[in-house]
Amino acid sequence: MYLRNFIALAASGVVLTAMVAVLTACGPEKKMHLTDVEWHQSMVQANGSPVTGELWSDDDLTWCMTLEEGIPKAFRLYHDNGKEAFVMNSPADTLQAFDENGQVISIDSFAIAYKQLAQQIPELMGIIKASDQTPQNPQP
């Protein structure tokens, strides 16, 4: 009986429409970007609540910051080819730099070989170290 009703509803398109609505609602979450958040002292908030998850540069490619309860915990800077260029984790302040092929290189080599990317690091490090000053939407 239930199967017959389901088949009848499916034939009318009701079930298909409902299934599409459910699948759409369960789709991937929208990425959060710098322009989607506000800075309150050293805390990142969206709609008045601390953010937990990833915060991406507005171009969706240059960098990604990992946040826990609004506090920056790590960030990754990317090469144009999408490979990680620079990774910083807090609170241990571990730093790693990579060339465009994904090979680990020294911080000094990174600064020389990738000057344009390296120029973005001091501003982003200031954010992740949770300085007492409110960042003003840094633009890499």
Side-chain angles (χ1 to χ4, degrees):
M1 175 100 158
Y2 292 112
L3 182 58
R4 196 175 312 160
N5 289 339
F6 179 80
I7 292 170
L9 287 172
S12 68
V14 172
V15 171
L16 182 59
T17 303
M19 289 174 66
V20 169
V22 168
L23 290 173
T24 302
C26 296
E29 290 185 33
K30 177 184 172 251
K31 277 187 180 178
M32 187 154 300
H33 296 92
L34 191 59
T35 54
D36 297 328
V37 299
E38 298 173 346
W39 293 88
H40 296 280
Q41 294 184 2
S42 299
M43 185 174 288
V44 180
Q45 295 185 353
N47 301 321
S49 298
V51 175
T52 295
E54 292 183 339
L55 177 65
W56 283 86
S57 57
D58 289 331
D59 67 4
D60 237 3
L61 303 168
T62 306
W63 58 266
C64 177
M65 187 178 299
T66 303
L67 304 161
E68 290 180 18
E69 294 297 317
I71 305 298
K73 295 294 181 180
F75 85 86
R76 296 179 306 278
L77 191 60
Y78 294 93
H79 288 288
D80 289 338
N81 66 4
K83 292 191 183 258
E84 288 183 340
F86 189 84
V87 177
M88 179 181 174
N89 294 299
S90 182
D93 289 339
T94 58
L95 305 173
Q96 277 192 300
F98 304 89
D99 66 15
E100 291 179 28
N101 298 314
Q103 300 297 312
V104 175
I105 59 175
S106 72
I107 302 298
D108 291 337
S109 295
F110 178 83
I112 293 167
Y114 305 103
K115 289 179 185 178
Q116 190 173 15
L117 281 173
Q119 290 172 349
Q120 297 175 44
I121 294 171
E123 186 171 11
L124 292 171
M125 286 179 74
I127 294 169
I128 201 168
K129 287 181 178 268
S131 67
D132 290 332
Q133 296 180 357
T134 303
Q136 298 298 319
N137 285 343
Q139 295 298 319

Item to check | Reported CD1-to-CD distance for the pair I107 and Q96, which is rounded to 0.5 angstrom | outcome: 8.5 Å
Checklist entry - Partners of D108 by salt bridge (Lys or Arg N to Asp or Glu O under 4.0 Å), sequence neighbours excluded? => result none
Next on the checklist: For S106 versus A97, what's the shortest heavy-atom pair and its separation?
Outcome noted: O-CB, 4.1 Å
Item to check | Donor-acceptor under 3.5 Å (D58 side chain, T35 main chain) | outcome: yes
Item to check | H33 side, atom NE2; E54 side, atom CD - distance, nearest 0.5 Å | outcome: 10.5 Å
Checklist entry - Under the side chain to side chain contact (heavy atoms under 4.5 Å, CB included) criterion, do W39 and V44 qualify, and how do the steps go? => result CA-CA 5 Å; W39 293 88; V44 180; 3.2 Å; yes
Item to check | Minimum heavy-atom distance between L55 and L34, given as atom pair plus value | outcome: CD1-N, 3.6 Å
Next on the checklist: So does N101 get a backbone contact from the side chain of D99, meaning a donor-acceptor N/O pair under 3.5 Å?
Outcome noted: yes
Checklist entry - Where do L77 and Y114 land on the side chain to side chain contact (heavy atoms under 4.5 Å, CB included) test, with the steps shown first? => result CA-CA 11 Å; L77 191 60; Y114 305 103; over 6 Å; no
Item to check | Atom CG of D59: over 12 foreign heavy atoms under 6.0 Å | outcome: yes
Next on the checklist: Given 3.5 Å as the limit, does a donor-acceptor pair link the side chain of S57 with the main chain of W63, or not?
Outcome noted: yes
Item to check | Residues forming a salt bridge (Lys or Arg N to Asp or Glu O under 4.0 Å) with E69, sequence neighbours excluded | outcome: none
Checklist entry - Does the side chain of F75 reach to within under 4.5 Å of the side chain of F86, using non-hydrogen atoms? => result yes
Checklist outcome for this item: Sorted by chain and residue number, the ring-ring contact (aromatic ring centres under 6.0 Å, His included) partners of F98 (sequence neighbours excluded) come out as none
Next on the checklist: With clusters defined by side-chain heavy atoms of hydrophobic residues (ILVMFWY) lying less than 4.5 Å apart, directly or transitively, does Y78 cluster with M88?
Outcome noted: no
Next on the checklist: So, using salt bridge (Lys or Arg N to Asp or Glu O under 4.0 Å) as the criterion, who are the partners of E84 when residues are at least two apart?
Outcome noted: R76
Checklist entry - Is any side-chain heavy atom of V87 less than 4.5 Å from a side-chain heavy atom of L95? => result no
Checklist entry - Are there more than 12 heavy atoms of other residues, nucleotides or ligands under 6.0 Å from atom CG of N47? => result no
Item to check | Over all atoms of both residues, closest heavy-atom pair of Q119 and P122 | outcome: O-CD, 3.5 Å
Checklist outcome for this item: CG (D36) and CH2 (W56) are apart, to the nearest 0.5 Å, by 14.0 Å
Next on the checklist: Any heavy-atom pair between the side chains of T62 and Q120 that's under 4.5 Å?
Outcome noted: yes
Item to check | side-chain contact (heavy atoms from CB on, under 4.5 Å) involving M43 - partner list, sequence neighbours excluded | outcome: Q45, P50, I71
Item to check | Qualifying residues under side-chain contact (heavy atoms from CB on, under 4.5 Å), relative to N81, sequence neighbours excluded | outcome: H79, K83, E100
